[in-house]
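Heads up, the thing below is written out as C-alpha cells.
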Amino acid sequence: MKYKGIIAEPEMRDFFAGKICPPEHTPFSKEKIHQYIEKCFFKITPAISIEQSIFSKKKYICNRCLNDNQEEFVEFDCARCGKVCVYCRHCINMGRMTSCTELLLWNGPMPKFPKRHDFKWNGTFTKLQQKASNELLESMKERRNHLLHAVCGAGKTEILFPAVFHCLQKGLRICIASPRTDVVLELFPRFQQVFPNTIIHALYGDAPKQKGLAQLVIATTHQLYRFEKAFDVVIVDEADAFPYTFDLTLQKAVRKAKRQGAPVALVTATPSVALLSKAKKEGWGYSFISKRYHGHPLPVPRFEPLWFYERQINKGRIPKKLAQWTKIRIERKEPFFIFFPTVQLMQQAGPLFQQIHPDILSVHAKDPDRKEKVMKLRNEEIPGLLTTTILERGVTIRNVQVAVVGAESKIFTSSALIQISGRVGRNANYPKGDIVFFHHGISAQMDAARNEILRLNWEGGPNEPHGN
C-alpha cells in the first residue's frame, strides 16, 4: 500500500505494528525513519507528557508505561538537548524515557495475519474443563471479558487452547501475558507444540531476538509497556500475581496494548474479592473449576513448628526437622522445593544444604541461571531447589514435594501459600505429595490458605476420571 508516494516495506511495518518505541530502540537508520516520518507513517508523541494543573504545578505522565506517580519522575541536566529534562524511574529498566525523547507509533497499513493454523493437541477434557473451555470460547466470540477461576492443577493452559485456536483462525493477534517470567518460559514451548506452524514469540527481560511477526505473543506484563493497540485478544495468566495486582501501570499496560473493544480474559486460581465483584458487576463471562484435571483432591498443607529457625540458620545449622525432611526426600528420590521468606536467609542456608547434598541449588528473581536450574530439577539432574516466592506459580515438576520455611512471614499471603501448595500433586501419576508449612507461630494467612484448600476439596466432591 502506498502512503504519500512510497510503499511501506514489510520489515518496517512488521517491526513497528502495534509497538510504541523511540527511534534509537529500533534496527533502522535515522535516515530511513525520518523518511517514513515525513510520509506520515508514524504518529509521534513525547515520551513524557507535561500537564499544567490549576495550581500551576507541573504533572508528568510517561507515555510508555503510563506512570503518573510524580515521585517517580526525576529532573536532570540533559546532555542531548542541553536543557533540564525529566525521566521516568518506573520503567527505566527498559531504557530511559526523557521529556526530549520521541516515541513512534505506526500509522501506516497494518499487517494481515494468516487464518490457516495447525492444532496439534490430542488431549481430552473433563466435564468441568469442557464447560469452562466452551464458556471462554463463547466470551471470545462475543468480545466479552472473561474470568477463568480454576484451582492449581486444573489444566488452565489446556482450557485456553480452543479459544486461542478460534482466534487464530479468524486472523486475530493474541497476547498471553503473565506477571512472572517463569510462567512465560513454561507456556512458550507448550503453545509451540500445540500450534507448530504459528509464529509465536516469548518476550521477557533479556529474551533472545526472534524472527518474523508473531501472531501469538507470550510475554511478561512489563513487556506490554512496549505495545499500543496491538492485540485483538489479551489473556492475563496468573492475574492475581505480584506485581500485577499492586502495580496500576501494568493493568493500564494491558488496556493500552489491546485494540478498542478487544476482550480481556483473566486466568487465576486465587481471584480477589474485588476481582470477583468487578467481573459480576460488569457482566463478564465466568468459569469456575473446583477440581484438578486428574480428579484427585488438592494436597492439604500440614503445619510443623520450627522454632527459632532463623537464629539456627544464622548460627550455621539447619533446624533438625527441616534437615530430616530434606534427607527423606533425597532418600526417596523425590524432587523438592524449599521456599524461604527472604533471599538473604536462603543464601545463608544454601551452603548448609549443600552439606546434605552438594547438588542442591538455590534460585531467586535476579538469578540469571534460574531457567537452567529449574530445568535441571525437571530433568532430575539435581535433587532439589531452595527458592523464594518467584517459583510459587507457573512451574510444574513431576512428583515434587514442597516445604515452606517461615510460613508465618508476611511475604507468604494466603494466595501465595495456596499457589505454593498447588505445586504438589499436579501429575496424574503422582496426585499426592507432601506440602509442609514450617513456622514460628501459625499465622491467620496460613489458616486461611489451608481452609480455602479444604473448601475447594469439599466443593470438588468425589474423585472423577481424569482427562488431558
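Under the side chain to side chain contact (heavy atoms under 4.5 Å, CB included) criterion, Lys373 pairs with Leu361, Val363, Asp367, Asp369, Leu385, not counting sequence neighbours. By the ring pair (Phe, Tyr, Trp, His ring centres under 6.0 Å) test, Phe113 is found to be paired with no residue, residues two or more places apart in sequence or in another chain being considered. For Pro299, the side chain to side chain contact (heavy atoms under 4.5 Å, CB included) test picks out Arg292, Val424, Ile435, with sequence neighbours left out. By the side chain to side chain contact (heavy atoms under 4.5 Å, CB included) test, Glu72 pairs with Asn67, Asn69, Arg89, His90, sequence neighbours left out. Residues satisfying the ring pair (Phe, Tyr, Trp, His ring centres under 6.0 Å) test with Phe353, not counting sequence neighbours, are none. For Tyr286, there are no ring pair (Phe, Tyr, Trp, His ring centres under 6.0 Å) partners, not counting sequence neighbours. With sequence neighbours left out, the ring pair (Phe, Tyr, Trp, His ring centres under 6.0 Å) criterion links His440 to Trp307, Phe308. Residues forming a side chain to side chain contact (heavy atoms under 4.5 Å, CB included) with Pro162 (at least two apart in sequence, or on another chain): Phe125, Ser133. Residues that satisfy the salt bridge (charged side-chain N to carboxylate O under 4.0 Å, His left out) test with Glu304, not counting sequence neighbours, are Arg302, Lys321. Under the salt bridge (charged side-chain N to carboxylate O under 4.0 Å, His left out) criterion, Arg144 pairs with Glu142, sequence neighbours left out.
Within the structure, every pair that satisfies the ring-ring contact (aromatic ring centres under 6.0 Å, His included) test and touches residues 139-163, not counting sequence neighbours, is listed here: Trp121-Phe161, His149-Phe288, Phe161-Phe191. Within the structure, every pair that satisfies the side chain to side chain donor-acceptor pair (under 3.5 Å) test and touches residues 200-218, not counting sequence neighbours, is listed here: His117-Gln215.
Phe119 and Phe195 have their aromatic ring centers within a separation under 6.0 angstrom.
Around CD of Glu282, the count of heavy atoms belonging to other residues, nucleotides or ligands within 6.0 Å exceeds 12. Within 6.0 Å of NZ on Lys19 lie more than 12 heavy atoms contributed by other residues, nucleotides or ligands.
Using a 3.5 Å distance cut-off with no hydrogens or angles, the side chains of Thr101 and Tyr87 do not pair a donor with an acceptor.
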